[in-house]
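Note sheet for the following structure.
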Amino acid sequence: MTSPLQQKLKITGPTAITANRLSDGVVVWLTPSHGWSTDIADAAIATTSDVAMTLLSVANGDEIHAVGAYPARVVVVNGRAAPVNLRERIRVGGPTIAFEARA
Amino acid sequence: MPLVKQGAVVPDPFARVADDAALPEGPALVPLARLLADGLPEGRNAPLGVLVPNAADVALLAPFIGQLAVIVLDFPKFRDGRAYSQARLLRERFGFSGELRAAGNVLRDQVLLMVRCGFDAFEVAKADDIPGFTHALAAYSLVYQPTGDGRRTIGDARRAARGA
Amino acid sequence: MYVHDEFDRAFLADRVADFRDQVARRLSGALTEEEFKPLRLMNGVYLQLHAYMLRICIPYGTLSSDQMRALGHVARRYDRGYGHFTTRQNIQFNWIRLDELPDAMADLAAAGLHGIQTSGNCIRNTTTDQWAGATPEEIEDPRLYAEIIRQWSTLHPEFTFLPRKFKIAITAAKHDRAAIRVHDIGLRLHRRDGETGFEVIVGGGLGRTPFIGKTIRDFLPKADLLSYLEAILRVYNSGGRRDNIYKARIKIQVHEVGTEEFSRRVEAEWAEIRDGALRLDDAAFAAIADRFQTPDFAPLADRPADLTDALADPAFARWHANAVAVHKAPGHAIVTLSLKPVGKPPGDATADQMDAIADLADRFAYGEIRVAHEQNLTFPHVRQKDLPELWRELDALGLATPNVGLISDIIACPGLDYCALANTRSIPLAQRLSERFADPARIADIGRMHINISGCINACGHHHVGHIGILGVEKKDQEFYQITLGGKANHKARLGELLGPAVGEDEVVEVVERIVDTYLALRAGPAESFIAVVQRLGVEPFKERAYAAG
C-alpha cells in the first residue's frame, strides 16, 4: 500500500477509513470519536475530501492500535456505512468460501 | 546522530567537509568524489576519512586504503542493503583496517548484520536503540555462514564436535 | 530427511527469542510499522485482509510425520483448524494473531520448523523435486545441496536486504518438477566426464514481467556451489535496481545488462572468492549428508500379489494409474496425495487431515511426507504391497481424488478471499472448475492438463506457465479473467499466449470447457496432449471457438 499521507486525497463518494488491528490483524474502522471499531456500521463517514484527509491523518497518527489505514468507498444505509466493493465485502464478511467446504 | 563504538556513545572528532569547502586542521570526512578528484591532501597529519555513496564501486578506494582513518558507508533507508556488500569488500578484499562506519537509517535490528559485514562504528538513527545494541549483538550464539568477522560458524562447531 | 542437530536447534531458539523481542517492541510502539514490517516478513508474517498470515518453510518440501503433527497443532491451537500448502513448498496459516505468533513459532521450533525467510527481500526457501531421493530419474539426491544452500543463506548478513525477493530451485532429474527455469536462480545437477556439477540458470521468473532463465554457466563443480551463489548475489545486491519495485528482481538486471555481461560480472567476482572460506570440501558435504536419514528400504519385489489382485478393482486401478509413480527401490512406489478434491479449495488441509496424514506416513511411508509445488502432498516411499490399504485410508480422508496432473489438479493462489494484494478471487473459480470437471473418466480422457489461476498480476498462481493460465483483473468492481494457452513450467519451460479479451467471472468455466472441447475435437488421437495440440496449431483455433458461443 502506498502511503496515502503523501498524496492529496480526492474522494468521489461516501468514504470511511479502514485498517487492521495491530495485535491480531482484525479489520477495523475509524469511528467519529477517532477510536476503532470492528463494525463497519460504527465508521465515521466522510463526504468531502477534506474530511476524509483529516480522518486519514488521524488514523495514520495511531501506530499502536491499527496499521495500514486507507480510505475505502462505502455506501450509506440508514445513516450507517456498509461495504460497497468486493474487497470490502470480503473484509467485512470473510472469505466467500463456505467453511464446510474445507473439511 | 550519536556515534556508537563498542556499545558506547563516543565523541565524533571528524568534521564533514563539503566538496568545495577548505579542509579543517583536525580530523575530516570528505566526499568520495572529492577524494577521487583531488587525491589525498599532501602534508596533512590529521586523520582523513571518506563518505562513500552506496552505489559506488569501492574498488576505487583501493589506492587510498592504507591512508584512510575512516570510511563511512551509507544506508539511505535501512532496507537498502548495498552497503553490506561494500563493507565486506573493503574488509575482506581490500584489507581496510580503519574505522568502518555505518551512517543513515542505522537501527538496532540491523546492527548484528552490519558487524558481521565488518562495520565497527554506527551513527545511530534512534538514540533509544543504543541500550539494545549489546543485546542485539549477542542475540545469536552461532551463525551459519563465514564472513570476514571471524565469528565461529556452525560449520566450525560441527567440525570441532566431529573431531572431538 | 535432514534432522536438525544441536546447532540448528540453538539457532532456531535464538531466532524465536529475537522475534519475540521484536514483536514486544512493536506492540509497545518502540518499533514503527515501517521498521517492523521487514522484520516480520523475514519470519514469514504477512498482514492480509482479515488477519496476520504465517508462512512456514518446509525446506525443499520435506516433512517428517512429527512435523506434520506440529503443523496440525498450530492449525488447531493458533488458527482456524486448517492450513494452505503453497506453490513454493511452504504452508500458510491465515488467521494468526500477532501477539500469539512468538508462541506459535516456539511450538514450531520444537519440531524443527520455522518461518525464516519465507518472505522479505532475502533468499527464500530453496525448493526442489518433491520426488527427490525416491525417483529413479535423478542422478543424485538434490536435497543435500538444497540444505547446504539453506544453511548458507539463513540470516546471511550481506543478503538480508536485497533489492527484492530471491528464489532458488534445484533439480537433479531430467524431468524438472521444480520449475527451475522460472526462478531467480535455477540449478540443474548433471554429470560431465564422471563428475557431478550444476548448470546455473539466472533471471527466470513470473510476476508482471515473466522471463525464462538464462544459462550463465554450463558446469559448476560442486565444491564451488556457495562461492558461485555468493558471487551472483553480490552482483545483484550491488547492481540490481532499487528505484522501482517492479524492476527490482534479478531477471530485470540480467535483461538490462545482457546475459553475457551479467555472466562476466559474476565470473569476475567469483574469481576473487572461489578459493575462499565458502569452498566446500568433502568434510563439509559429509557433515550435512550425515544428518540426512534415508530409509533402509526393505528388499522387496515389484508388483506383489497384494497389488496385482487389488488392480482388479477399477476404482483402485484408476487411482493407481494416476497417483502412483515409479520408485528407485524395487517393491516401492511414490504416491501423490491430491489436495484437490472436487469443489474444495486447492492446497488446503485441515488439522485432522494433517494428523491423519502423519499417522499414515508412519504406517506406510517410513514417516516421510513431501510437499509438491503443484500444492499436493507426496509419500515418497511406500511399499507396493501396502498401496491398496493406503488407498482405502486416503480415500476415506478425501485425499485419493484420481486427478493428479489432470484438469482439476488446479494451482491457485489464495486470491481476494485472503490476500491483501489480490484484485480478484481465485479459489471459488478453482472450485467451480473442479465441479465442472468432476467425472474421473472424462478428466482421464482429457489427459494431462495444468490450469493455473492467479488473482492478480503478481502471478502467485503461476498462470504464465499453465497449459491454461487464468489471470484475474478487476474492472469497475467486477472480476474479469484473462486466459492464456500453452505455458509450461518444466525443462522446456515457455510462457503462455493470450487467447483474447478477458471474460467475466460467470463465463470462465464455459470458456474453459469450450477450449477443452476444441482440444478434444482437434487432437490427432488420445495420445496427443492438450499442450501438444496448442503447440502444433497455435491459439487461433481455440480463440475462434472459445469466444464463438458468446
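Just so we're on the same page: letters track the sequence lines, and every chain starts at 1.
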Item checked: Contact residues of residues 25-46 of chain A (partner chain C; heavy-atom separation under 4.5 angstrom) -> Gly25(A), Val26(A), Val27(A)

Side chain proximity check, [X] to [Y], heavy atoms < 4.5 angstrom:
X: Asp24(A); Y: Trp95(C); answer: no
X: Arg21(A); Y: Leu98(C); answer: no
X: Arg91(A); Y: Gln48(C); answer: no

Non-hydrogen atoms of chain A under 4.5 Å away: do they reach the side chain of [X], the backbone, both or neither?
X: Leu47(C); answer: side chain
X: Glu474(C); answer: neither
X: Ile96(C); answer: backbone
X: Ile427(C); answer: side chain
X: Ser28(C); answer: backbone
X: Arg425(C); answer: side chain

If I take atom [atom1] from residue [X] and atom [atom2] from residue [Y], how far apart are they, to the nearest 0.5 angstrom?
X: Leu22(A); Y: Asp99(C); atom1: CG; atom2: CG; result: 8.5 Å
X: Ile97(A); Y: Ser426(C); atom1: CD1; atom2: OG; result: 9.5 Å
X: His65(A); Y: Leu27(C); atom1: NE2; atom2: CG; result: 11.0 Å

Note to self: Among residues at least two apart in sequence or on other chains, which ones pass salt bridge (Lys or Arg N to Asp or Glu O under 4.0 Å) with Arg73(A)?
What the structure shows: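 Counting only residues at least two positions away or on another chain, Arg73(A) forms a salt bridge (Lys or Arg N to Asp or Glu O under 4.0 Å) with Asp477(C).
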
Margin query: Whether the side chain of Arg26(C) engages the backbone of Ser23(A) through a donor-acceptor N/O pair (distance < 3.5 Å, no angle test) should be reported.
Written below: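 No.
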
Check: Under 3.5 Å, is there a donor-acceptor pair between the side chain of Glu63(A) and the main chain of Glu33(C)?
Finding: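 Looks like yes, one N/O pair under 3.5 Å.
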
Please find the pair of heavy atoms, one from [X] and one from [Y], that lie closest to each other, and give the distance.
X: Thr96(A); Y: Pro428(C); value: OG1-CG, 3.6 Å
X: Ile90(A); Y: Leu49(C); value: CG2-CD1, 3.9 Å
X: Ala420(C); Y: Arg87(A); value: O-NH1, 3.0 Å

Note to self: So which residue, Val23(C), Asp352(C), Thr32(C), Asn423(C), ends up with the most heavy-atom pairs under 4.5 Å with chain A?
What the structure shows: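 Winner by heavy-atom pair count: Thr32(C).
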
Notebook entry, point to check: Under 6.0 Å from the CZ atom of Arg80(A), do we count more than 12 heavy atoms belonging to anything else shown?
Noted result: no

